[in-house]
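Report on the following structure.
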Amino acid sequence: MSTPRPVLVVDFGAQYAQLIARRVREAKVYSEIVPHSMPVSEMLAKNPAAIILSGGPSSVYAPGAPQIDAGMFNSGVPVFGICYGFQAMAQALGGTVAQTGNREYGGTPLHPRPEAGVLLRDLPDDLPVWMSHGDCVTEAPVGFTVTAESAGAPVAAFEDLTGRRAGVQFHPEVGHTAHGQEMLTRFLHDIAGIEPTWTPENIIDEQVARIREQVGDKEVICGLSGGVDSAVAAALVHKAVGDQLTCVFVDHGLLRAGEAEQVEKDYVAATGIKLKVVDARERFLGALAGVTDPEQKRKIIGREFIRVFEAAAREIAAHGDVEFLVQGTLYPDVVESGGGTGTANIKSHHNVGGLPEDLKFALVEPLRTLFKDEVRTLGLQLGLPEAMVWRHPFPGPGLAIRIIGAVDEERLAVLRKADLIARQELSAAGLDRGVWQFPVVLLADVRSVGVQGDGRSYGHPVVLRPVSSEDAMTADWSRLPYEVVARISTRITNEVAEVNRVVLDVTSKPPGTIEWE
Ligand SMILES: Nc1ncnc2c1ncn2[C@@H]1O[C@H](COP(=O)(O)OP(=O)(O)OP(=O)(O)O)[C@@H](O)[C@H]1O
Ligand SMILES: O=c1[nH]c(=O)c2[nH+]cn([C@@H]3O[C@H](COP(=O)(O)O)[C@@H](O)[C@H]3O)c2[nH]1
Ligand SMILES: NC(=O)CC[C@H](N)C(=O)O
Ligand SMILES: [Mg+2]
């Protein structure tokens, strides 16, 4: 099977490059992100159906700012510029970009002109769009029609339909821009003339073909956690190579109450895939003893996972070595680990930034460019049970990154009890689907004074961190009904002897992250 012609999203260090790529997928068009440092000849060698230039932090007129090679515009490939990409495109084609002193951040009314062109045709005046710029295009290049303006941007959108190029100063890819998806769709379908034929089923077919090609007739193991990502990854690999796949579930002692049993029982029942369960509790807890630094914990866990997979592979291999390790890695894991173009390392996800340097497995990661909600859609299409597909995410390093301080059996036992109560009460209130994830965090090195049974207590606080999110890239704290919060608090302080205080985390992401470490 051939890969469809991609729409390339050229990343200029944008906050939203991955969001652009998924909006393109929502328009039923295949897309790939490439760094702006990739030579244009290499981009063109991918035979792109169109190119989208992302936003970015630089100013196009500043020394050393990323530029666009004119070759891109001579190639005849349709191009769409967004924010920095729009400015860079204007400059490369002979327009003018300047800092006018009129900065616009956040919701801004857009005024489409009567000659609104294809992108903005029939959209209302005062259209609320999301802006984030300090520079402006002050003069459009020759051959372009200016199709909209805003108070701070005299050229807020332009089009050259003959050359199949367009650009906008605002961000159509963010949810806050009204009709943003429609504008991107109009560019792709109506200006670039791309057929909307790509669907999530295509991901399945493409990935199955790709996995077959990569793996051939060799044996494969898959790290299976009970979470949706690895379940979908395993289902894809199973579809591709059947019984060459064995899943390995690692009980590292950092799991929640009942989790190991549930994975063993439910997963095999639902899928019929071979599963090996490894009890690695001593090994992980030994390696983590006394460690308090979050990044160090993550690196240790990443390394131990691989060592356990290696040992399991030796036992599983019927002939020779197992070369391939399947992981349910998603795009946010990669980005947060600093794997994007010029993106910062926020935290090393155990399955990406936490991998040891001497990793011998070749990785099979069919979900590496996708977001969780897309993976859930795939899971449903692959016939996985709803309960598995809608399970809340749970990080591979488990409770180790929810104990602030060193990790040991005793602390784990305390957190497990508190966590179970929170999960039970959330489910009892029928709120599972309304909440993206609900970490419970133990501040193991903090103590506070309480009064319980007329006596003094000196116990630990537990933090409730329920969040809502679309893709874990950004999140907000969930406004749980106070009765539910109150019930959880009462039960935890009554039933978990070591905990005498429950607090609620009311921080969005950014500036917080979902997990505390
Ligand atoms: N206990 C485990 N045993 C084996 N592999 C694991 C375990 N925990 C995590 N992994 C591997 O690490 C990958 C990343 O973990 P992550 O938690 O992001 O995904 P997930 O558990 O599959 O899904 P979810 O994000 O919904 O929890 C998993 O897809 C899986 O391959
Ligand atoms: O498998 C994982 N290995 C990790 O090392 C890891 N760190 C964070 N997470 C999960 O990723 C999402 C975003 O988390 P943060 O807002 O805390 O960065 C949330 O869903 C987190 O639970 C991880 N998952
Ligand atoms: N969001 C962006 O792409 C910003 C572009 C440019 N840095 C500006 O401030 O105008
Ligand atoms: Mg998980």
Side-chain angles (χ1 to χ4, degrees), residues 221-237 246-256 259-260 262-264 267 275-281 284 294-295 297-302 304-306 308-309 312 325-338 344-355 361 363-368 370-373 375-376 379 384 388-402 435-439 441 465 467 469-476 505 507-517:
I221 60 167
C222 173
L224 188 90
S225 67
V228 58
D229 310 337
S230 48
V232 171
L236 281 171
V237 174
T246 306
C247 287
V248 179
F249 169 68
V250 181
D251 180 354
H252 49 19
L254 308 166
L255 299 166
R256 291 168 296 180
E259 208 156 22
Q262 186 204 343
V263 173
E264 278 195 73
Y267 189 77
L275 177 69
K276 181 178 175 66
V277 179
V278 182
D279 180 351
R281 287 178 292 181
F284 276 80
E295 278 296 292
K297 284 183 188 173
R298 288 171 167 279
K299 296 264 157 90
I300 291 171
I301 291 167
E304 291 306 318
F305 260 119
I306 295 301
V308 171
F309 290 143
L325 172 66
V326 182
Q327 299 197 114
T329 304
L330 305 191
Y331 198 70
D333 308 346
V334 179
V335 176
E336 295 212 326
S337 293
N345 173 236
I346 308 299
K347 49 180 78 180
S348 302
H349 284 237
H350 76 281
N351 47 322
V352 186
L355 292 171
F361 290 111
L363 295 177
V364 179
E365 297 185 318
L367 312 174
R368 200 178 159 92
L370 303 182
F371 292 85
K372 178 83 80 191
D373 47 339
V375 170
R376 288 194 163 128
L384 293 177
M388 198 176 281
V389 169
W390 290 107
R391 222 180 81 130
H392 287 182
F394 181 67
L399 301 179
I401 54 168
R402 294 181 180 174
V435 168
W436 165 269
Q437 197 175 357
F438 190 173
V441 180
R465 175 75 171 132
V467 292
S469 179
E470 197 188 328
D471 50 23
M473 296 294 296
T474 55
D476 199 2
D505 184 343
T507 321
S508 58
K509 172 185 178 175
T513 54
I514 295 174
E515 306 289 349
W516 270 45
E517 292 196 330

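Both ligands and their constituent atoms are indexed starting at 1 by order of listing. Along the sequence shown, residues carry numbers from 1.
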Could you go through ligand 1 and list every pair where one of its N or O atoms sits under 3.5 Å from a protein N or O, giving the atom names and the distance to one decimal?
from     : atom 1 : to     : atom 2 : distance (Å)
ligand 1 : 1 (N)  : Val250 : O      : 2.9
ligand 1 : 3 (N)  : Leu224 : O      : 3.2
ligand 1 : 3 (N)  : Val250 : N      : 3.0
ligand 1 : 5 (N)  : Leu224 : N      : 3.4
ligand 1 : 12 (O) : His350 : NE2    : 2.9
ligand 1 : 17 (O) : Phe394 : O      : 2.8
ligand 1 : 19 (O) : Asp229 : OD2    : 3.3
ligand 1 : 21 (O) : Ser225 : OG     : 2.4
ligand 1 : 22 (O) : Ser225 : OG     : 3.3
ligand 1 : 22 (O) : Asp229 : N      : 3.4
ligand 1 : 22 (O) : Ser230 : N      : 2.6
ligand 1 : 22 (O) : Ser230 : OG     : 2.8
ligand 1 : 23 (O) : Asp229 : N      : 3.3
ligand 1 : 23 (O) : Asp229 : OD2    : 3.2
ligand 1 : 25 (O) : Asp229 : OD2    : 3.0
ligand 1 : 25 (O) : Lys372 : NZ     : 2.7
ligand 1 : 26 (O) : Val228 : N      : 3.4
ligand 1 : 26 (O) : Lys372 : NZ     : 2.9
ligand 1 : 27 (O) : Phe394 : N      : 2.9
ligand 1 : 27 (O) : Phe394 : O      : 2.9
ligand 1 : 29 (O) : Gly328 : N      : 3.0
ligand 1 : 31 (O) : Gly223 : O      : 2.7
ligand 1 : 31 (O) : Gly328 : N      : 3.3

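Residues passing the side chain to side chain donor-acceptor pair (under 3.5 Å) test with Ser508, sequence neighbours excluded: none.
For atom 22 (O) of ligand 2, the closest non-hydrogen atom on the protein side is Glu515 OE2, 2.5 Å. The protein heavy atom nearest to atom 24 (N) of ligand 2 is Pro395 CA, 3.5 Å. Residue, atom and distance of the protein heavy atom nearest to atom 12 (C) of ligand 2 are Ala472 CB, 3.9 Å. At the top of the distance list for atom 3 (N) of ligand 2, counting protein heavy atoms only, stands His350 ND1, 2.8 Å. Nearest protein heavy-atom neighbour of atom 15 (P) of ligand 2: Ile514 N, 3.5 Å. Regarding atom 6 (C) of ligand 2, its nearest protein heavy-atom neighbour is His349 ND1, 3.2 Å. Atom 19 (C) of ligand 2 has its closest protein heavy atom at Gln437 OE1, 3.4 Å. Of all protein heavy atoms, the one lying nearest to atom 18 (O) of ligand 2 is Glu336 OE1, 2.4 Å.
Taken to the nearest 0.5 Å, the CZ atom of Arg402 stands 11.0 Å off from the CZ atom of Arg465. Interatomic distance, CG of Leu363 versus CG of Asn351, reported as 9.5 Å (0.5 Å rounding). Here OG1 of Thr329 is found 3.5 Å from CD of Glu365. Values are rounded to the nearest 0.5 Å.
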* Could you please spell out the steps behind the side chain to side chain contact (heavy atoms under 4.5 Å, CB included) verdict for Leu236 and Leu367? => CA-CA 10 Å; Leu236 281 171; Leu367 312 174; 3.9 Å; yes

* Report the C-alpha separation of Phe309 and Val278 in whole Å, then their side-chain angles, then the decisive distance to 0.1 Å, and conclude whether the side chain to side chain contact (heavy atoms under 4.5 Å, CB included) test is met. => CA-CA 9 Å; Phe309 290 143; Val278 182; over 6 Å; no

* Would Lys509 and Val467 satisfy side chain to side chain contact (heavy atoms under 4.5 Å, CB included), going step by step from the backbone distance to the final call? -> CA-CA 9 Å; Lys509 172 185 178 175; Val467 292; over 6 Å; no

* List the steps and the verdict of side chain to side chain contact (heavy atoms under 4.5 Å, CB included) for Val441 and Asp505. => CA-CA 10 Å; Val441 180; Asp505 184 343; over 6 Å; no

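Between Gly396 and His252 the shortest heavy-atom distance is O-NE2, 2.8 Å. In terms of heavy atoms, Ile306 sits closest to Phe361 at O-CE1, 4.3 Å. Taking all atoms of both residues into account, the shortest heavy-atom contact from Ala400 to Lys297 is O-NZ, 3.0 Å.
Put simply, the side chain of Lys276 never gets that close to the backbone of Ala312: no donor and acceptor are under 3.5 Å apart. A side-chain donor-acceptor contact under 3.5 Å links Arg298 to the backbone of Glu517.
Listed by chain and residue number, the protein N/O/S atoms under 2.8 Å of the Mg ion (ligand 4) are Phe394 O, with waters left out.
Near Lys509, meaning under 4.0 Å from any of its heavy atoms, are these atoms of ligand 2: 13 (C), 15 (P), 16 (O), 18 (O). Remark: ligand 2 atoms within the under-4.0 Å shell around heavy atoms of Arg298 are 4 (C), 5 (O), 6 (C), 7 (N), 8 (C). Interface atoms of ligand 2 facing Thr513, defined by a heavy-atom separation under 4.0 Å, are 15 (P), 16 (O), 17 (O), 18 (O). If you number the atoms of ligand 2 from 1 as listed, the ones under 4.0 Å from a heavy atom of Gly396 come out as 1 (O), 2 (C), 3 (N), 24 (N).
More than 12 non-hydrogen atoms from other residues, nucleotides or ligands lie less than 6.0 angstrom from CZ of Arg391.
Below 30°, between 30° and 60°, or above 60°: for Tyr331 and Phe371 the angle between ring planes is between 30° and 60°, a tilted geometry.
Applying the side-chain hydrogen bond (donor to acceptor under 3.5 Å, both in side chains) rule to pairs touching residues 227-237 yields Ser225-Ser230, Asp229-Lys372, sequence neighbours excluded.
Ligand 2 has no N or O atom lying under 3.5 Å from any N or O atom of Pro397, backbone or side chain.
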